[in-house]
Number of protein chains: 2
Amino acid sequence: MSASKRDELVQKALGVFYRNGFHAAGMDLLAAETGVSKTSMYKHFRTKEELILAVLRLRDEQFRNWLYRRMDEIGDSPAEKLLGMFDAMGEWFAEKGYRGCMFIKASAEYQDRDDPIHAQSAEHKRLLFNHMRDLAQDAGASEPEKLARQLLLLKEGAIVTAHLGHTDDPASDAKMAASAILKVSGVK
Amino acid sequence: MSASKRDELVQKALGVFYRNGFHAAGMDLLAAETGVSKTSMYKHFRTKEELILAVLRLRDEQFRNWLYRRMDEIGDSPAEKLLGMFDAMGEWFAEKGYRGCMFIKASAEYQDRDDPIHAQSAEHKRLLFNHMRDLAQDAGASEPEKLARQLLLLKEGAIVTAHLGHTDDPASDAKMAASAILKVSGVK
DNA sequence: CCCAACATGAACAGATCGGTTAATGTTTTC
DNA sequence: GAAAACATTAACCGATCTGTTCATGTTGGG
């Protein structure tokens, strides 16, 4: 039971869940798509919930690493990095196979706030908020927390709209709206 | 098979789906909660999908009627009505049992863009957009479509965050952000 | 009052759900 | 090279899934 084998299963399960949804993807399908028997699956993960939680942990790590890096690359100043989030979103939306945010989906299928899957999805959003708040502070915002919350509202809205809305360019709309918000937030 | 009986089933099924999710609520549960036998259920709706589509139609009608009315009551001018949307959102979020937007949930469980359930959810968002665009035009916005899209980004973001985020007041954040956007949109 | 039309419940399909068991490889270790 | 440890497979478990069948009410019209 190598650790990397488990990681590989989680990685592949992530794709299966993302494409099919959590309830719709059964353990039989997951085992088949990862090229492993169901028994092996249950050697690595005691329950389906445990597998889902592992998938969400990996997704959180992958997504935040990618996003923070892109924001850093795109913007020089803190304010530019904040706006850069929306450019990064645009890149993500343009990927083929884009189907929205895994955590929003998870919270839609596991709605109870004290469900571990819901709680872990909320934690991901909280970590994103912390990062945005720190950047907003560095950017000199008069109310960094409020600014961070507002920019994240635009981000979540764009994520949903990119999957559910007409096919325009929500990332660009969000970025222009963000600029307007930055202007009234004491950020130069 | 009175028409009102069918409506009553759809009405009750709406609540069951909203609380449990679409995959998680089976036809047995739906029949039990509507106080009707499964056979009767299938007399009124040929498949589960047909029931879901009927539920979404009802929800669309209920939600838009309610929202448009509240926006009208809250604001006198078109610009005030636009901002009033966020007050209405705040009222909705505060309802006990709030679990997010039914159409976002539906699109999360039925992801394919050509799935009828996904398509109907998208249609709801499109109708909302039309209304907002008309109001934005009446309000004198320089680019009414863009303004409508941006305000709706804030709305979708707030809806998601009210369910998944920390428990602050996303409707109020969204409203203040919307004010900033209105200012740069040629709306007095 | 009788018969047709409709509504109902219970039982049943066949498939799939999450999860387990027991028997069979395949390594690793001494 | 034998024995212990680990991985894998296929078959199975009871529950639940969407959807159907059939036998029994129940109701309204002539």
Side-chain angles (χ1 to χ4, degrees), chain A residues 1-57 102 105-106 108-112 114-118 120, chain B residues 1-57 105-106 108-112 115-118 120:
Chain A
M1 194 203 296
S2 61
S4 67
K5 179 71 177 183
R6 191 189 138 107
D7 290 349
E8 185 195 325
L9 292 183
V10 175
Q11 173 82 26
K12 288 190 176 163
L14 197 161
V16 177
F17 279 129
Y18 187 66
R19 285 188 299 275
N20 295 276
F22 295 97
H23 281 96
M27 290 300 270
D28 292 275
L29 175 65
L30 285 157
E33 295 259 332
T34 51
V36 122
S37 76
K38 202 157 56 139
T39 314
S40 297
M41 208 84 224
Y42 275 101
K43 277 268 153 49
H44 291 283
F45 311 97
R46 276 160 47 217
T47 63
K48 186 183 184 181
E49 176 177 294
E50 195 173 297
L51 171 59
I52 293 177
L53 290 173
V55 162
L56 293 182
R57 263 189 296 272
M102 187 134 211
K105 285 178 201 308
E109 294 203 49
Y110 302 89
Q111 308 193 62
D112 269 342
D114 49 2
D115 184 301
I117 294 173
H118 190 103
Q120 188 154 320
Chain B
M1 193 204 294
S2 62
S4 67
K5 180 72 177 181
R6 190 190 140 109
D7 290 349
E8 185 195 326
L9 292 183
V10 175
Q11 175 82 25
K12 289 192 176 161
L14 197 161
V16 178
F17 280 129
Y18 187 66
R19 285 188 299 274
N20 295 275
F22 294 96
H23 282 97
M27 291 298 271
D28 292 275
L29 175 65
L30 284 157
E33 295 261 331
T34 52
V36 123
S37 75
K38 201 155 56 137
T39 314
S40 298
M41 209 82 224
Y42 276 101
K43 277 267 155 50
H44 290 282
F45 311 97
R46 275 160 48 218
T47 62
K48 186 181 182 181
E49 176 177 294
E50 195 172 296
L51 172 59
I52 293 177
L53 290 173
V55 162
L56 292 182
R57 263 188 296 272
K105 286 180 200 306
E109 294 204 50
Y110 302 89
Q111 308 193 61
D112 269 342
D115 184 303
I117 294 173
H118 189 102
Q120 187 154 320

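Lettering of chains follows the sequences in order, A, B, ..., and the numbering in each one begins at 1.
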- Quick one: NZ on B:Lys43 to CZ on B:Arg6, what's the gap to the nearest 0.5 Å? 14.5 Å
- Message: With rounding to the nearest 0.5 angstrom, report the CE to OG1 distance, B:Met41 to B:Thr34.
- Response: 4.5 Å
- Message: Strictly distance-based, threshold 3.5 Å: is any side-chain N or O of B:Gln111 a donor or acceptor partner for the main-chain N or O of A:Tyr18?
- Response: yes
Specify the separation, in whole Å, of atom [atom1] of [X] and atom [atom2] of [N].
X       : N      : atom1 : atom2 : result
B:His44 : C:dC6  : NE2   : C1'   : 11 Å
A:Met27 : D:dG14 : CE    : P     : 20 Å
B:Phe22 : D:dT18 : CZ    : P     : 13 Å
A:Leu29 : C:dG18 : CG    : C1'   : 14 Å
B:Lys48 : D:dT16 : NZ    : P     : 15 Å
A:Glu50 : C:dG19 : CD    : P     : 10 Å
B:His23 : C:dT16 : NE2   : P     : 14 Å
B:Tyr42 : D:dC17 : OH    : P     : 11 Å

- Pairing of B:Lys105 and B:Glu109 as salt bridge, 4.0 angstrom limit: no
Restricting to nitrogen or oxygen on both sides, can you table the protein-nucleotides 9-14 of chain C pairs closer than 3.5 Å?
{"from": "C:dG9", "atom 1": "OP2", "to": "B:Ser37", "atom 2": "N", "distance (Å)": "3.3"}
{"from": "C:dG9", "atom 1": "N7", "to": "B:Thr39", "atom 2": "OG1", "distance (Å)": "3.3"}
{"from": "C:dG9", "atom 1": "O6", "to": "B:Thr39", "atom 2": "OG1", "distance (Å)": "3.1"}
{"from": "C:dA10", "atom 1": "N6", "to": "B:Thr39", "atom 2": "OG1", "distance (Å)": "2.8"}

- Task: Please assess A:Leu51 against A:Met27 for the test side-chain contact (heavy atoms from CB on, under 4.5 Å), listing each intermediate value before the final yes or no.
- Result: CA-CA 10 Å; A:Leu51 171 59; A:Met27 290 300 270; 4.2 Å; yes
- Message: With a 4.5 Å cut-off on side-chain heavy atoms, are A:Phe22 and A:Met102 touching?
- Response: yes
